[in-house]
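Worksheet: one structure, shown below.
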Amino acid sequence: AMDTDLSSQDRKDLDKFIKFFALKTVQVIVQARLGEKICTRSSSSPTGSDWFNLAIKDIPEVTHEAKKALAGQLPAVGRSMCVEISLKTSEGDSMELEIWCLEMNEKCDKEIKVSYTVYNRLSLLLKSLLAITRVTPAYRLSRKQGHEYVILYRIYFGEVQLSGLGEGFQTVRVGTVGTPVGTITLSCAYRINLAFMSTRQFERTPPIMGIIIDHFVDRPYPSSSPMHPCNYRAGEDNGAVYPSVEDSQEVCTTSFSTSPPSQCVFTVTKAHFQTPPPVVTDTLKVPVMGLAFSHQLSSSRLSYQPAALGVGSADMGYPVLFAGGLNAAHPHQLIGPGKEGGVPPVPSQPAHGTQADQERMCTPLDGVHYSAVTPSSSEDTETVSNSSEGKCGSPQDLLETIFIRKVGAFVNKPINQVTMANLDIPFAMFAPKNVELEDNDPMVNPPESPETESPLQGSLHSEGSSGSSTGNTHDDFVMIDFKPAFSKDDILPMDLGTFYREFQNPPQLSSLSIDIGAQSMAEDLDSLPEKLAVHEKNVKEFDAFVETLQ
Amino acid sequence: SCPLSSRCCGPSGAAPAMNCRAEVLEVSVEGRQVEEAMLAVLHTILLHRSTGKFHYKKEGTYSIGTVGTQDVDCDFIDFAYVRVSSEELDRALRKAVGEFKDALRGSGSDGMGQISLEFYQKKKSRWPFSDECIPWELWTIKVNVVNLANEQERQICREKVGEKLCEKIINIVEVMNRHEYLPKMPTQSEVDNVFDTSLKDVQPYLYKISYQITDSLGTSVTTTMRRLIKDTLAL
């Protein structure tokens, strides 16, 4: 009844404006939390695809996520579109920083012209949003993300949930636009108490799963979560979406301000040694981060181990991976490939901080540098039903990104936060060592030396003949069964390897045995007089023999 | 000086015409922060008061070009702002702000002054009267330059001024959101009475920037007065 005053064309236009306004709002907010400076170019010629006459880039994955959240609906009374910005530390703790709300209230402005005034005011509101997104505390935080924390975003549709912002949060209104069907309002509620960094009073979300991602493959891992990174890579089109940026629009390159983390490997802290739920759950929090990801990952190569430790990357160029899950049998033991089976080997990692890494990390899209990859996937089967309930799924459902910080020398860090990954060994992450390094590290505690024997005994005995066990005592090396070439022998019907093993420890010579030697010496001494007597008896024969020799 | 008759633009500091809303912002900054603080405020205002270039087509319809934006980081203030991507506009603002800063530093100044950004419309009059300039929005930024003793104070000032500027941006956005009077969208023949069409990539509303410095006696009588006319209408 209220809408009959609005012509159907106007109504259609208005719905379209509101829809694209919502999508652009999300883009502006997420891009403002990427951690990089944004720059787009003005174009005097109308390009026709720049909504609201503003050059706002469309990151496909972000549009995809927004559309998923909206699920074909528009903001209406009681149905608001919210973009939640949160921060996640390298220890896995996270907290909400801001909730941006696009709401609709019932106050209608019947007189207003849709195609003209509403459109222009929506444009003005987007400009205000551009300005306001730079003045809330989260902006500065997002510009500094990378080393100790990352910024995540999540879009949901429905009721606004502000409880995660802590007490005393503040609200800033970006603006309102009256329309014949209601008044659009855009505002931001933001946390003001950011002292968590020192007090650590925020929630701990337990990590879930280990996801191992082969970063050389092409598609990101599936994430049904509304929580996403808007990172994307040039050319990676997620099949999205409106609006394709007009080709003629050029964008200028941004200069990047935050420096990439020098060394960052993944770690698991003791606190996370819990039994995780055995499945990858709905929501995946992924960083909106300038530097975290350098590749799109493929879901086809995605495998997960409930108890596996994810791939670490020394330069954080590899996506998330992983989790806090550990081997159920040995809660503190890391699992490496080849040990338990089923864990795909890690492709060799480039040296830390090589140029190649740096280049991979910042892939430009038309010159705008965003960091890397998006973990969103078009294969997402999870619907947005979670998000429509408001918060994303239960904490257990969250897949966490956990980072290991490389520990420098003299660092006073609890040992359980230091893993093998700190060593500059390739695949160190997968070495089958316990987390409690010092206890078991052979470098720190050398194995017991073998029981000492008498020097004489020791020197005359071949190795392994006495005391110590024969065979492979110090079996640090696994002897691989090998087939040496040309090793077949008709005379000795066994291969070289077997031969070698069998005759590796031959029995010692009897004459070398001290006991026997000692015994015969005694006998010799005793029998000496007899022998002498015998020889004396035959002395004439010996002399005659000697004569013949001369 | 103004190429138009003196009736057009009254002296800076005169009471704004009726229906001209006036907003005043105040900031206290260190000397080296003056430029960035002024640019941040002026650019934020002009972001909201610039459109894409109009392209008139037949039958009185027009299409609008696209406005790009970019982030600007301040060097002396812990602050960043968004401005319109237009080098011409940036140059014009920098020139005005540069002069203001020099005047603030000059002798006779006790470090207080104000810079004004006025949006106006031109109203054509019949001969022999010249066109009128009718302001419809006036922004005044009052500046107080402080002197700091040491590096620690400077560091605190960086942060504090950054926070203050955040408040100013929010204030500006509040005003913009009121959706109060804006000139009607002009026909092709009228466009130069409403917009500055001289830039090649964006089209701000007609504006002019002026400033005044308080002399050491503390009076608001201007010791130096300049006006920068952005409208180079050739009559």
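We name chains A, B, ... by the order of the sequence lines, and we start the count at 1 in each one. What you see is a predicted model; the values in this text were computed from it and never measured.
Of the two parts of Tyr116(A), only the side chain, counted from C-beta on, holds a non-hydrogen atom closer than 4.5 Å to a non-hydrogen atom of chain B. Heavy atoms of His48(B) lying under 4.5 Å from chain A belong to its backbone as well as its side chain. Contact annotation for Phe54(B): neither backbone nor side-chain heavy atoms come within less than 4.5 Å of a heavy atom of chain A. Both the backbone and the side chain of Val67(B) have a heavy atom closer than 4.5 Å to some heavy atom of chain A.
The line from CZ of Arg140(A) to CD of Glu159(B) is 8.0 Å long, rounded to the nearest 0.5 Å. Between the CD atom in Gln203(B) and the OG atom in Ser44(A) there is a gap of 10.5 Å [rounded to 0.5 Å]. The NE2 atom of His179(B) lies 6.0 Å from the CG atom of Leu124(A); values are rounded to the nearest 0.5 Å. Between atom OH of residue Tyr139(A) and atom CZ of residue Phe79(B) there is a gap of 10.0 Å, rounded to the nearest 0.5 Å. From Ile64(B), atom CD1 reaches atom OG of Ser45(A) across 14.0 Å, with rounding to the nearest 0.5 Å. In this structure, SG on Cys39(A) lies 8.0 Å from CZ on Arg83(B), to the nearest 0.5 angstrom.
Put simply, the side chain of Ser85(B) gets close to the backbone of Thr40(A): a donor and an acceptor are under 3.5 Å apart. With hydrogens and angles ignored, the 3.5 Å screen pairs a side-chain donor or acceptor of Ser42(A) with a backbone N or O of Gly68(B). Judged by distance alone, the side chain of Lys37(A) and the main-chain N or O of Ala80(B) form no donor-acceptor pair under 3.5 Å.
When each of Asp78(B), Asp73(B), Asp71(B) is paired with Arg143(A), the salt bridge (charged side-chain N to carboxylate O under 4.0 Å, His left out) condition holds for Asp73(B) and for no other.
Side-chain contact between Val135(A) and Ile170(B) is present, with heavy atoms from C-beta onward closer than 4.5 Å. For the pair Thr69(B)/Ile38(A), no side-chain contact is recorded, criterion being any heavy-atom separation below 4.5 Å from C-beta on.
The greatest number of non-hydrogen atom pairs below 4.5 Å with chain B, out of Leu125(A), Val177(A), Thr176(A), Leu130(A), is found for Thr176(A). Interface remark: of the candidates Val82(B), Val173(B), Thr44(B), Val173(B) forms the most heavy-atom pairs closer than 4.5 Å to chain A.
Closest approach of Thr66(B) and Leu54(A) over heavy atoms only: CG2-C, 3.6 Å.
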